[in-house]
Amino acid sequence: MSIFDGFQDLYENHNQSLTRNDRNDSIKKHPVINVTRDLHHHKISDENVSMYINVEDSFLKKISSVWYNQGFMEALSIAADTRINRESKLLAITASYALKVTSIFSTFRYFLQPHLKDIGPKIVSKYSRTRNWSFAPVKCMTWHPYTTKIAIATADDAVRIYCSDVTFVSTLKCKAQTHVSSVSWRPYSASEIAVGCEQGVIVWTVDPNSMFTKPSSSNAVVLKRSGHSPVTDVSWSPNGDLLVSCCGADTSMLVWDVSMEVAVPLRRVAGGGIVFARWSLDASKIFAATSSLIFRVWDTITWTPERWCAQGCRVVAACWGPKDIVLFAAKGEPIVYALRNTGLLNGAKDSKAQPVLDVTKVQLSEQCIGGPILDMCWDPTGKYLALMFEESYIIAVFCTTYMMMQLNVFPCCLVQPQDDCEMPSTMAFQQNFTDGACLTIAWSTGRVQHFPIINNDEY
Amino acid sequence: MSLYSSLAKSDYNMLKKNCKNSDGLCLNEQSLFLQLGGMWMGLYYFLGAHIFGRKILTFPPIYQEKFQQMKLIIGNVVSMGFQNSIKPVMYYCLFYWFWGNKPRFVVSDVYSLYLEDPPLDNIINLISSGIWIGLWFYSSLFFISIYTMRAVFNIVLTEPMKFPIESDKTLTLYGALLQRAQFSGYLGAQDLKILAVTDQTRRSQIFTLSQPGGHPRNWTTLLENCLIIIREFNKELELINGEANGHGDFSNQKPLNPSLSPPTVYYGSLRNMAQSPRSFDIKNHYKKENEDTLATAIKVEFNNAIQKICQKPGIHYFFGELTDIKLKFLLMQAQPVIWTCEGLAHIVAASLTEDKYGVVQNDLPVVLSSLINLKNNLDKLSKPGLVPRKYLLNDNLAIRMRRAVLSAVKQSIYKIVMTFSKYIHDIPLDHEVQIAIQPFLACKEI
């Protein structure tokens with residue numbers, strides 16, 4: 001019997017309950033967000049280069065411009081290309097030999113470190129928990145821990161901050177901020193936000209009292225380190241003092257002291273690049289998933305890891321709940337596992353993660369639901385768990401209770417796309433919602449929906 | 001240098017060698033080159049590290065096991081050693097090219113040796129002899145060993161130490177905090193932070209009452225010491241701020257600030273919970289007036305006189321303390337203040353759930369007001385209009401440090417205010433403090 005059977009009657013009354021929820025007072029003040037194409041800033045990318053007419057430059061000029069824009073290797077390959085380089089044969093031959101030598105070196109390097117093969121945005125989109133990261137209008141989003149304020153990274157690489165108190169929207173944008181993969185608000189602060197992007201981490205200070213909609217880049221601190229690019233995930237410690245940044249192409253995860261701009265790398269043998277890291281709610285543990293089967297649970301007092309091995313595939317999503325339970329899901333698997341009391345908390349160590357939820361794909365009326373898990377969110381009180389699936393466009397929300405050392409999961413509700421062409425891109429729970437939980441979902445059309453779940457005594 | 005070269009089996013070890021063409025001893029110039037090079041490297045390192053450089057012990061944000069840290073450092077140390085030795089080798093080769101004949105003459109005169117090889121102060125001979133590669137290699141080894149020594153020293157020194165809360169024999173936590181000038185002050189402050197964040201058993205020890213008597217002795221002493229650290233830092237900052245603002249107006253330079261929160265209210269050896277702290281204050285006050293003897297009066301007069309002399313423009317220029325240097329110095333020593341603030345905030349925040357006897361609650365206003373005071377003073381430092389251009393910091397490290405202190409203080413205030421947000425109106429706070437925490441309550445403070 002599938003867990004989705006419980007959804008059957010919920011599903012039939014679904015539309016009514018949704019409209020009832022939407023009229024709820026608790027989200028009346030929430031910012032209305034719709035990320036549309038014309039909102040975007042003009043962005044020079046490969047797509048709109050084709051708009052310009054091709055001009056025949058002199059060869060030297062062409063090479064120097066390519067060198068300046070795309071780097072030395074591209075310039076070398078241009079020089080080696082005899083179709084473009086008709087003028088000097090000698091240069092072409094030298095360049096082609098140089099290319100061969102470098103390619104031998106790079107193949108050797110990729111042989112040693114295969115995870116480095118992908119470049120920048122490819123790595124991010126491969127490991128991102130956002131559906132279709134490279135084309136989604138909303139790349140990632142996060143709620144402020146104490147106020148009704150949400151930061152949304154949009155496709156034009158800007159981070160927009162929507163707030164319930166003010167009508168204007170602050171747009172954070174600077175030249176270094178490209179391919180934004182994650183955003184994170186600093187706890188115990190009203191203004192600091194860390195943005196993980198291609199070059200490294202940018203920590204913005206956004207004055208909540210200021211009326212400037214575009215803060216200058218002097219408010220930003222860029223934290224970067226060679227070999228640590230592109231950053232695939234950033235997360236602040238719940239105490240607000242340390243920032244962890246991960247990079248899919250780097251085997252070490254960096255722990256930053258942001259104001260001093262110092263980083264300490266945490267590294268252990270085995271496992272590929274660190275894809276993402278999650279702090280436990282009391283900051284005593286960090287869950288770090290690598291791009292291979294291995295994941296680690298770090299202890300933040302001694303800074304030693306406990307190594308775990310997933311069975312089928314790499315861990316795709318994880319979230320911490322109260323009492324140091326961590327839920328995680330492997331890529332391509334419809335099962336949520338729970339890991340409790342990691343380490344020797346009460347003498348006996350769990351040698352295996354317990355499967356707590358099986359969401360194998362089922363057909364419900366005319367739509368299918370379930371399947372491999374793409375993303376997972378647990379609300380800050382640990383009562384509601386939202387799952388996003390790879391193949392189905394319906395988001396399932398479950399109620400979770402923790403009783404007698406046992407985690408129980410019941411179906412709660414489903415969130416359906418408005419029409420057929422809509423897919424959920426990413427989602428996040430509001431952090432300061434007092435009446436229950438509020439799930440915010442960014443859809444592929446650019447619509448951002450607030451979905452409140454009000455506590456009642458039923459569960 | 002000769003130690004390293006002696007490890008390698010080569011003929012560079014001896015200054016003399018037998019001549020090939022004639023009888024007698026000849027000068028082994030390559031050996032001389034290496035020996036002098038070794039001296040130069042030592043001098044170069046000494047000058048770089050101790051005269052022109054600064055020695056600041058930086059604590060890593062997190063402390064890993066020593067072995068792990070060494071593993072991380074070792075690659076860096078080796079590559080740094082090879083890179084950093086290129087420059088001095090080049091300087092030395094240049095020097096030898098220009099003046100190399102002089103030491104050679106001196107040595108060959110003293111030992112009455114002949115020279116048969118082509119002289120090394122010719123650039124072609126120098127390069128073709130390949131001795132510079134040897135020099136580079138040996139000096140890299142020298143740098144690597146010195147860097148490794150420093151790294152190990154750093155790792156061992158910055159290891160967090162656990163101080164007990166109550167102990168008769170060893171140094172206790174507040175004892176360590178009290179030794180601000182010494183290194184244990186740093187360790188104490190670091191331990192305070194670690195304790196406040198992670199160690200619940202020792203935290204609960206702080207919240208206990210003494211047996212017999214029922215006084216919150218642990219907490220009071222701890223708080224007292226923390227406040228001393230914060231207030232002293234604050235006082236120094238106020239001095240600098242006062243100087244910066246009153247610059248050019250010498251009559252306004254009485255630096256001591258009366259706005260410091262009541263000085264020694266809780267400094268009595270222990271606080272009786274039933275008794276009003278004010279009476280202590282009054283007692284102390286009377287005592288102090290009696291102590292105003294002739295000696296102190298003379299001291300004050302003397303200090304005033306010195307200050308007056310120093311304020312004469314010329315003398316002040318040469319002998320007066322430079323405010324920006326002073327500020328830099330102050331900020332470099334701010335690390336314990338950061339830890340103290342954070343630790344105090346964490347303990348206070350934890351007290352909401354863990355403090356059974358309400359030990360901490362009474363002191364909330366004092367903690368908050370001193371933190372707010374510190375924040376105000378730090379804000380003044382960074383406001384561009386208030387501080388004359390001369391006092392703006394141009395030092396990168398100092399700027400970062402200032403940012404670190406400011407953010408730590410703000411985070412601490414946020415931490416306390418957020419935790420007690422429901423009860424904040426029940427806390428008897430001064431009007432000014434109450435106004436100051438409003439933006440923190442509304443999450444509007446930057």
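If you're wondering where the values come from, they're calculated on a predicted model, not measured in any experiment.
More than 12 heavy atoms of other shown residues, nucleotides or ligands fall within 6.0 angstrom of atom CZ in B:Phe183. Enclosure of atom NZ in A:Lys383 is not indicated, since only 12 or fewer non-hydrogen atoms of other residues, nucleotides or ligands lie within 6.0 angstrom. Dense packing is recorded around CZ of A:Phe168, with more than 12 heavy atoms of other residues, nucleotides or ligands lying under 6.0 Å away. For CD of B:Glu432, the number of neighbouring non-hydrogen atoms (other residues, nucleotides, ligands) closer than 6.0 Å is 12 at most.
Here the CD atom belonging to B:Gln411 is positioned 7.0 Å from the CD atom belonging to A:Glu192, to the nearest 0.5 angstrom. Atom-to-atom distance recorded for B:Gln64:CD and A:Trp298:CH2 is 6.0 Å, nearest 0.5 angstrom.
Proximity to chain B among residues 233-243 of chain A is limited to A:Asn239, A:Gly240, A:Asp241, A:Leu242, judged by heavy-atom separations below 4.5 angstrom.
When all heavy atoms of B:Tyr414 and A:Tyr188 are compared, the closest pair comes out as CD1-O, 3.5 Å. Minimum heavy-atom separation, A:Val255 to B:Pro61: O-CG, 4.3 Å. The two residues B:Arg403 and A:Ser259 have their closest heavy-atom pair at NH2-O, 3.2 Å.
The contact between B:Leu72 and chain A is made entirely by side chain atoms (from C-beta outward), counting heavy-atom distances below 4.5 Å. Using a 4.5 Å cut-off between heavy atoms, B:Phe440 does not touch chain A at all. Residue contact with chain B, scored on non-hydrogen atoms closer than 4.5 Å, involves the backbone of A:Thr302 exclusively. With a 4.5 Å cut-off on non-hydrogen atoms, A:Ser252 does not touch chain B at all.
Inter-residue side-chain proximity for B:Gln68 and A:Arg267 is flagged as unmet; no heavy-atom pair is nearer than 4.5 Å. Within the 4.5 Å cutoff, the side chain of A:Thr300 has no heavy atoms near those of the B:Val197 side chain. A 4.5 Å side-chain heavy-atom check between A:His144 and B:Cys443 finds at least one atom pair inside the cut-off. Counting heavy atoms from C-beta outward, B:Ser407 and A:Arg186 have side chains that approach closer than 4.5 Å.
Note on B:Ile62, B:Leu406, B:Thr198: by heavy-atom pairs under 4.5 Å with chain A, the leading option is B:Ile62. In terms of non-hydrogen atom pairs under 4.5 Å with chain B, the most contact-rich of A:Val206, A:Leu266, A:Val262 is A:Leu266.
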